[in-house]
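Beneath this line is the structure, given in C-alpha cells, with notes to follow.
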Amino acid sequence: MSASRTARERVRAELINEITEIARRQLATVGATGLSLRAVAREMGMVSSAIYRYFPSRDDLLTALITDGYNAVGEVVERADAESPQDDYAARWLAVCRAIREWAVAHPHEYALIYGSPVPGYAAPQDTVPAALRDTVVFARIVTEAHEAGELDPPAGLPPVPASIGPDLGRGRAAVELNVPDDVVARALMAWAALYGTVSFELFGQFGPVIENRIGYFDHTAMTLGRLIGFKL
C-alpha cells in the first residue's frame with residue numbers, strides 16, 4: 001500500500017507540474033486575467049471536471065503560479081549571494097541585483113504576474129508571503145551584515161528620517177529581520193523599491209526608445225542605489 005501511495009503521489013505531482021507549465025504558457029498569450037482551467041484541461045486532453053481535483057479554482061492555480069514565481073526569484077537571489085565573497089558586501093548587492101534582472105528578462109510573463117498589475121478579483125493568500133519574502137530576506141541579510149561589520153558609508157547630506165514613518169520602518173524591519181537603525185532601513189527600502197521599479201520600467205516598455213543600453217543603465221542604477229545604502233562602490 002505504501003508503494004501504491006508513493007506511485008499515486010508521483011503521478012499527482014507530475015500532473016500538477018504539467019498543469020502549471022501549461023498555465024505559464026497561457027500567461028504569455030492571454031495574461032493572468034485570461035487564465036482558464038478549462039483551457040488548460042483542453043490542452044492536456046483532460047475533461048474539465050478532472051482538473052478541479054488538482055486546482056479547485058482559477059485562483060488556486062494563480063496562487064500556485066505566484067508562489068512558484070516568488071520561489072524562483074528567491075532561488076536565483078539566494079544562489080547569487082551564496083556564490084559571492086561573503087565579506088564583499090557591495091559585490092553581494094550587485095550580484096543579487098543582476099540576478100533579479102536576469103530572471104525577469106528571461107521570464108517576463110511570470111515577473112508580470114508577481115510584480116505587475118493586480119489581477120482583478122484575486123487576492124493572494126497569506127500562504128504566498130514566505131515565498132514572496134525570500135529575495136528580500138537575502139537583501140536584508142546583506143545590509144545587516146554590512147552594517148554590523150561597519151562597512152556602510154552612506155553619502156553625506158541626506159535628509160533625516162521623519163519620526164512619522166518610524167512605525168512603518170519598524171514593521172519593515174521586523175518582516176525581514178533587517179536589524180539596522182531607521183535611517184538604514186529607509187535607505188534600504190528606497191533602493192529595493194527603485195531596483196524593482198527599474199526592472200519593471202524595462203520589462204513593461206516604460207523606457208521606450210530612450211534607454212537602449214539596458215544592461216549598462218541597470219548596472220549604473222544598481223551601483224548608485226547601492227551607494228545610497230552605503231555600500232562602498
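Atom set for the values below is all heavy atoms of this structure, side chains included, hydrogens, waters and symmetry mates excluded.
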message = I want to check something: taking the side chain as every heavy atom from C-beta on, are C97 and I100 in contact at a cut-off of under 4.5 Å?
response = no
key: Y52 with V40, same ILVMFWY side-chain cluster at under 4.5 Å   = yes
ask   = Counting only N and O atoms by type, is there a donor-acceptor contact under 3.5 Å from the side chain of E83 to the main-chain atoms of E78?
value = no
task = Quick one: pull up CD in E75 and CG in D68 and give me the separation to the nearest 0.5 Å.
result = 11.0 Å
key: Side-chain donor/acceptor of Q86 to backbone N/O of S84, under 3.5 Å   = yes
key: Gap between atom CZ of R101 and atom OG1 of T221 - 0.5 Å precision   = 10.5 Å
request  = Identify the heavy atoms of L233 and A90 that sit nearest to each other, and give their distance.
outcome  = CD2-CB, 3.6 Å
task = Kindly give the heavy-atom pair with the smallest separation between R58 and T33, and that separation in Å.
result = NH1-O, 4.1 Å
Would you mind writing out the side-chain donor-acceptor pairs for residues 109-120 within the sub-3.5 Å range, not counting sequence neighbours?
residue: Y111; atom: OH; partner: Y196; partner atom: O; Å: 3.2
residue: Y111; atom: OH; partner: S200; partner atom: OG; Å: 2.8
residue: Y115; atom: OH; partner: Y196; partner atom: OH; Å: 3.3

message = Check whether H147 reaches the backbone of V143 with its side chain - one donor and one acceptor, N or O, closer than 3.5 Å.
response = no
task = Carefully, step by step, assess L35 and L62 under the rule side-chain contact (heavy atoms from CB on, under 4.5 Å).
result = CA-CA 8 Å; L35 190 65; L62 271 176; 3.8 Å; yes
Nearest-0.5 Å distance that lies between atom CZ in R134 and atom CG in N71 = 4.5 Å
message = Minimum heavy-atom separation for S36 and Q26, please, with both atom names.
response = N-OE1, 3.1 Å
inquiry  = How about CZ on R38, more than 12 heavy atoms from neighbouring residues, nucleotides or ligands closer than 6.0 Å, or not?
reply    = no
message = Does atom CD1 (I215) have a neighbourhood of more than 12 heavy atoms from anything else shown, all under 6.0 Å?
response = no
remark   = Heavy-atom closest pair (L133 atom, V176 atom, distance to 0.1 Å) is CD2-CG1, 4.0 Å
ask   = If you round to the nearest 0.5 Å, how far is CD of E43 from CD1 of I19?
value = 11.5 Å
message = Could you check whether F201 and F207 have their ring centres less than 6.0 Å apart?
response = yes
task = Using modelled atom types only, decide if a donor and an acceptor are shared between the side chain of T144 and the backbone of N179 within a distance under 3.5 Å.
result = yes
ask   = Would V185 and L228 show up in the same hydrophobic cluster when neighbours are defined by side-chain heavy atoms closer than 4.5 Å?
value = no
ask   = For E21, what residues pass the side chain to side chain donor-acceptor pair (under 3.5 Å) criterion, not counting sequence neighbours?
value = R24
task = Would you give the length of the straight line joining atom CG of D88 to atom NZ of K232, rounded to the nearest 0.5 angstrom?
result = 11.0 Å
ask   = Knowing that exactly one of R187, R173, R171 qualifies, which makes a salt bridge (Lys or Arg N to Asp or Glu O under 4.0 Å) with D182?
value = R173
request  = For V105 and E202, run side-chain contact (heavy atoms from CB on, under 4.5 Å): C-alpha distance rounded to whole Å, both residues' side-chain angles, the deciding distance at 0.1 Å, then the answer.
outcome  = CA-CA 9 Å; V105 170; E202 178 178 353; 4.0 Å; yes
task = Work out which heavy atom in P154 is nearest to a heavy atom in I229; give both atom names and the distance.
result = CB-O, 4.2 Å
key: W93 side chain to A222 backbone, donor-acceptor under 3.5 Å   = yes
inquiry  = Less than 3.5 Å apart, any donor N or O on the side chain of D60 or S57 sitting next to an acceptor on the other?
reply    = yes
inquiry  = Would you compute the distance between atom CZ of F231 and atom CE of M223 and round it to the nearest 0.5 angstrom?
reply    = 14.0 Å
ask   = Okay, side chain of T128, backbone of A124: is any donor-acceptor separation there less than 3.5 Å?
value = no
query = Is there a path from Y217 to V96 through hydrophobic residues (I, L, V, M, F, W, Y) whose side chains come within less than 4.5 Å of each other?
reply = no
request  = Evaluate the criterion side-chain contact (heavy atoms from CB on, under 4.5 Å) for residue pair Y70 and D135; output intermediate values, then yes/no.
outcome  = CA-CA 8 Å; Y70 280 133; D135 61 335; 5.9 Å; no
ask   = Do F204 and V199 pass the side-chain contact (heavy atoms from CB on, under 4.5 Å) test, and can you show the C-alpha distance, the side-chain angles, and the key distance before you say yes or no?
value = CA-CA 9 Å; F204 303 150; V199 173; over 6 Å; no
Nearest heavy atoms of L15 and M46, plus distance in Å = CD2-CE, 4.2 Å
key: In one Ile/Leu/Val/Met/Phe/Trp/Tyr side-chain cluster, 4.5 Å: L169, M190   = no
